[in-house]
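Report on the following structure.
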Amino acid sequence: MSVEVMLSLLFQGFFVSLLIFFVTLLGSLPLGVLVALARMSSFKPLAVITRVYISVMRGTPLMLQILAIFFGPFFILGVSLSTEWKIIACLIAFVINYAAYFGEIYRSGIQSIPQGQWEAAEVLGYTKSQTFMRVILPQVIKRIVPSLANEVITLVKDTSLAFVIGIAELMSQAKALSASQASMIPFVMAGLMYWLFNMIVETLLNKLEIKLDYYHE
């Protein structure tokens with residue numbers, strides 16, 4: 001098999017990895033804000049439930065969560081598993097897993113803001129929601145970009161876990177090609193693709209951090 005054909009097959013898997021990556025970010029970043037606010041809620045039952053959710057998501061392997069969500073409807077409800085459900089279950093698992101991590105990052109950023117800023121905004125007539133969106137959140141984003149960057153880069157590599165339910169992402173394609181061709185070249189190509197994409201992500205996040213640098217302490 002020629003290198004061109006290998007690359008074509010690997011790119012098919014890479015596009016699936018990109019789908020998982022972008023949908024996870026689009027879902028988990030805003031959901032993480034809600035998780036953080038629920039975790040800090042003065043309504044104790046909500047705060048406790050959120051704490052348990054975060055503990056489960058962070059304390060169990062993502063691979064296990066993917067399997068549980070995928071096979072859950074079959075073992076619990078007896079529902080037949082479709083091909084469409086495979087990718088949906090994978091995306092759900094990724095979103096709720098990363099929302100827990102992002103929620104804790106947001107929470108640490110929010111709690112690092114001095115209480116005096118909330119009080120000053122209240123004196124100026126801001127509502128709590130206006131204070132959060134216009135005063136607190138911009139500073140929080142500036143502070144948490146490095147931590148978010150680490151999680152986002154980890155997400156790029158974690159997309160390979162989708163193989164556990166038979167999704168043909170980049171790593172699955174590389175393994176299949178390597179087995180059929182008895183060669184390490186597909187793995188080398190896949191590694192380079194992961195690395196180059198991570199470099200692009202890291203560059204964009206560094207630019208974002210520089211752009212937000214007008215928020216000084």
Side-chain angles (χ1 to χ4, degrees), residues 1-29 32 56-75 81-102 104-105 145-210:
M1 184 182 295
S2 67
V3 173
E4 290 78 10
V5 174
M6 285 187 186
L7 277 174
S8 176
L9 293 172
L10 287 173
F11 269 110
Q12 291 179 22
F14 183 59
F15 289 135
V16 175
S17 296
L18 286 181
L19 172 67
I20 298 171
F21 174 80
F22 285 113
V23 172
T24 300
L25 285 185
L26 289 174
S28 61
L29 284 172
V56 171
M57 291 298 104
R58 298 174 69 190
T60 58
L62 175 54
M63 184 184 296
L64 178 61
Q65 295 164 24
I66 295 171
L67 289 169
I69 293 174
F70 178 63
F71 289 110
F74 174 76
F75 287 113
L81 304 178
S82 64
T83 304
E84 293 77 13
W85 173 241
K86 184 182 294 185
I87 186 66
I88 292 172
C90 177
L91 294 175
I92 291 173
F94 270 86
V95 169
I96 63 175
N97 177 274
Y98 271 84
Y101 284 92
F102 288 146
E104 285 296 89
I105 292 173
V145 165
S147 297
L148 284 179
N150 288 334
E151 291 300 326
V152 171
I153 289 173
T154 299
L155 171 59
V156 174
K157 295 175 288 185
D158 276 353
T159 57
S160 63
L161 295 176
F163 86 92
V164 74
I165 54 175
I167 293 177
E169 41 66 57
L170 177 56
M171 200 62 196
S172 295
Q173 292 282 38
K175 287 169 64 179
L177 284 171
S178 181
S180 65
Q181 301 302 307
S183 170
M184 286 292 293
I185 293 177
F187 284 129
V188 174
M189 290 179 174
L192 287 173
M193 292 168 76
Y194 279 119
W195 178 51
L196 290 173
F197 185 61
N198 263 328
M199 287 182 63
I200 293 171
V201 170
E202 185 178 359
T203 299
L204 292 175
L205 289 170
N206 286 338
K207 288 185 177 180
L208 176 62
E209 188 172 1
I210 293 171

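Not measured: the values here are computed from a predicted model. Heavy-atom basis, side chains included; hydrogens, waters and symmetry copies ignored.
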Which atom names give the shortest non-hydrogen contact between [X] and [Y], and what distance separates them?
X: Phe94; Y: Leu155; result: CD2-CD1, 3.7 Å
X: Ile167; Y: Cys90; result: CD1-CB, 3.5 Å
X: Met6; Y: Leu177; result: O-CD1, 3.8 Å
X: Glu151; Y: Tyr98; result: O-CE2, 3.5 Å

With sequence neighbours left out, what residues match [X] under side-chain contact (heavy atoms from CB on, under 4.5 Å)?
X: Val145; value: Ile141, Leu208, Glu209, Leu212
X: Leu91; value: Ile20, Val23, Ile87
X: Phe70; value: Leu81, Trp85, Lys86, Ala89, Ile165
X: Ser183; value: Gln181, Ile185, Pro186

Q: Tell me, with the steps shown, if Met171 and Phe163 meet side-chain contact (heavy atoms from CB on, under 4.5 Å).
A: CA-CA 8 Å; Met171 200 62 196; Phe163 86 92; 5.9 Å; no

(Q) Give me each pair satisfying ring-ring contact (aromatic ring centres under 6.0 Å, His included) with a member in residues 180-207, each pair once, sequence neighbours excluded. (A) Phe14-Phe197, Phe21-Phe197

Q: Test Ile96 against Ile69 for side-chain contact (heavy atoms from CB on, under 4.5 Å), laying out the working first.
A: CA-CA 11 Å; Ile96 63 175; Ile69 293 174; 3.7 Å; yes

Quick one: pull up [atom1] in [X] and [atom2] in [Y] and give me the separation to the nearest 0.5 Å.
X: Leu9; Y: Glu4; atom1: CG; atom2: CD; answer: 12.0 Å
X: Met193; Y: Leu10; atom1: CE; atom2: CG; answer: 5.5 Å
X: Met189; Y: Phe11; atom1: CE; atom2: CZ; answer: 10.0 Å
X: Phe102; Y: Thr24; atom1: CZ; atom2: OG1; answer: 8.5 Å
X: Ile200; Y: Leu205; atom1: CD1; atom2: CG; answer: 12.0 Å

Q: Could you please spell out the steps behind the side-chain contact (heavy atoms from CB on, under 4.5 Å) verdict for Ile105 and Leu148?
A: CA-CA 7 Å; Ile105 292 173; Leu148 284 179; 4.2 Å; yes

[Y] backbone acceptor or donor facing [X] side chain under 3.5 Å:
X: Gln65; Y: Thr60; value: yes
X: Ser160; Y: Ser172; value: no
X: Ser17; Y: Glu169; value: no
X: Asn97; Y: Leu62; value: no

Q: Step by step, work out the side-chain contact (heavy atoms from CB on, under 4.5 Å) result for Val16 and Leu170.
A: CA-CA 7 Å; Val16 175; Leu170 177 56; over 6 Å; no

**Q.** For Ser28, side-chain hydrogen bond (donor to acceptor under 3.5 Å, both in side chains) partners two or more places apart
**A.** none

